[in-house]
Each structure stands twice: as C-alpha cells, then as structure tokens.
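Here is the structure we will look at, set down as structure tokens.
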Amino acid sequence: MRFPSFARLLTAGLMLAASGFAAQAQDAFNRYEIRGGVFVHDPVSPEKGSADINAEFLSPRLPIQGGSWQVLVPRLHLGGTVNTAGKTSHGYTGLTWDYDLSKSLFVEASLGGDLNNGKTGNTLVAGRNAMGCAAAFRESASLGYRLSQSVSLMGTIEHVSNAGFCERNRGLTNMGLRLGYSF
C-alpha cells in the first residue's frame, strides 16, 4: 500500500525540520539546568487563592545517539512545588522533551511520577483538593524564551493527577513563570 502524497510530504518536512533544529538543540539542551519560579495554585479548585514556589533540576539530554531525531531524546528532571499557604505541595521526577522553535523560542513537555501531601482517602475536607492518594502522575508544558545562552524565561502549566487509580481524583493544576539557568 502506498502512502498518500500529503503523508510523504509531511514526513519529509518533519524530518527536515528535526535535522535543522537538532544541532541547535544539541547545545541548548545538553547542559545541566536549574529553574525556579512562582505559580498560581490551582485557580479553579477548593485550594485556590494562594501561590506556589517551584524549583527544578534538569540533566543534559540522555547520551543516546539520535542523529536527526535527537530532539526525541529526553532529559531527566527532579523538582518540587511548595504551596505558600500550607495546601497541597508535591515533589516529582520524570522525563522532559524540549524542542527549539527558533534560536530563542522553545517548547517542552514533561511526564513523570509525583508524590504529594494532599488530602487522601474518602473524606472530603473543606478548602482542600481530594487528591485521592499520595502517589500520582505529573505532566507539564512550557513555552520558553532564551534571554541569553544560559538564561531562559518560561510560562509553565503543570497538572498532577492519579489518573483514576484512587477513588478520589480531583487533581491539581498550577500555572506560572519560571527562570532557568543552564551550565
């Protein structure tokens, strides 16, 4: 069976784009990075009305030779988000994928595991999210801008959820700004 012409054209375009950005991404994402920032704490939940402090550490890309597909090789991350009002805080680890849109603009997505101190079990507590269980999944997305070779500014949204593995699953969604420094 033959691929339609559009599918072949799309595949060729994606391969060309990946190879064009691979060398640029190689430099930017093959260094260690620390990040810190402030998030609005889940503005549509019972826990709304407070702020979070976020800190994160990222490794260089994993040492896998990907050629043109190097942008698909993830970085390891380890971080935490602490609520300033004593509500749900969490620590997380996982994988982050980055992609340069231009010399300065980039996007990223991450996925991993999470441990939170939110309310668990079947009892609902007023003003608190019913997280269901302490172990959860965390996913995030960022749009970033490189202010220099070492400093970047990112708008980030993160979501923590147990994906329905526990009876309750209110989850938690935070958003805000982070500053990154790579070395």
Side-chain angles (χ1 to χ4, degrees), residues 25 28-61 71 74-120 125-164 166 168-183:
F29 303 123
N30 276 346
R31 302 188 306 171
Y32 291 98
E33 186 174 0
I34 54 173
R35 296 175 174 177
V38 179
F39 290 162
V40 173
H41 188 80
D42 202 342
V44 294
S45 80
E47 293 190 356
K48 66 185 173 192
S50 60
D52 296 326
I53 305 298
N54 174 264
E56 188 173 86
F57 174 79
L58 287 95
S59 75
R61 284 193 196 275
V71 295
R75 302 165 74 190
L76 300 173
H77 67 254
L78 175 67
T81 301
V82 178
N83 183 262
T84 59
K87 298 191 178 176
T88 303
S89 296
H90 61 99
Y92 56 88
T93 188
L95 301 173
T96 297
W97 291 267
D98 312 271
Y99 185 76
D100 279 329
L101 298 173
S102 71
K103 184 178 178 182
S104 299
L105 195 63
F106 65 93
V107 293
E108 72 177 28
S110 65
L111 179 64
D114 183 272
L115 292 175
N116 68 76
N117 67 350
K119 295 304 174 189
T120 60
V125 177
R128 297 298 304 268
N129 286 357
M131 296 299 289
C133 48
F137 298 98
R138 177 189 177 268
E139 45 293 324
S140 73
S142 294
L143 175 62
Y145 185 82
R146 281 190 194 80
L147 303 170
S148 71
Q149 184 177 358
S150 298
V151 179
S152 59
L153 180 66
M154 290 149 281
T156 301
I157 185 166
E158 70 174 2
H159 180 71
V160 176
S161 168
N162 66 47
C166 299
R168 302 244 182 235
N169 186 31
R170 168 60 183 82
L172 183 69
T173 303
N174 304 319
M175 61 197 83
L177 294 174
R178 300 189 294 170
L179 197 60
Y181 177 75
S182 58
F183 54 96

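Numbering of residues begins at 1 and proceeds along the displayed sequence.
When the salt bridge (Lys or Arg N to Asp or Glu O under 4.0 Å) test is applied to Asp52, no partner is found at least two apart in sequence or on another chain. In this structure Thr84 satisfies the side chain to side chain donor-acceptor pair (under 3.5 Å) test with no other residue, sequence neighbours excluded. Not counting sequence neighbours, the partners of Glu108 by the side chain to side chain donor-acceptor pair (under 3.5 Å) test are Arg35. Shown here are the ring pair (Phe, Tyr, Trp, His ring centres under 6.0 Å) partners of Tyr92, two or more places apart in sequence or in another chain: His77, His90. Taking the side-chain contact (heavy atoms from CB on, under 4.5 Å) definition, one finds that Ala163 meets it with Phe137, Phe165, sequence neighbours left out. Under the ring pair (Phe, Tyr, Trp, His ring centres under 6.0 Å) criterion, Phe57 pairs with Tyr32, sequence neighbours left out. Thr93 is linked by a side chain to side chain donor-acceptor pair (under 3.5 Å) to nothing, counting only residues two or more places apart in sequence or in another chain. Partners of Ser89 under the side chain to side chain donor-acceptor pair (under 3.5 Å) rule, at least two apart in sequence or in another chain, do not exist in this structure. The side-chain contact (heavy atoms from CB on, under 4.5 Å) search around Leu147 returns Tyr145, Val151, Leu153, Leu179, not counting sequence neighbours.
With 3.5 Å as the limit, one finds a donor-acceptor pair spanning the side chains of Asn83 and Ser50. Side-chain polar atoms of Asn129 and Ser45 form a donor-acceptor pair below 3.5 angstrom.
Within the structure, the salt bridge (charged side-chain N to carboxylate O under 4.0 Å, His left out) test picks out the following pairs touching residues 36-45 (sequence neighbours left out): Asp42-Arg170.
Minimum heavy-atom separation, Leu58 to Glu56: CD1-OE1, 3.3 Å.
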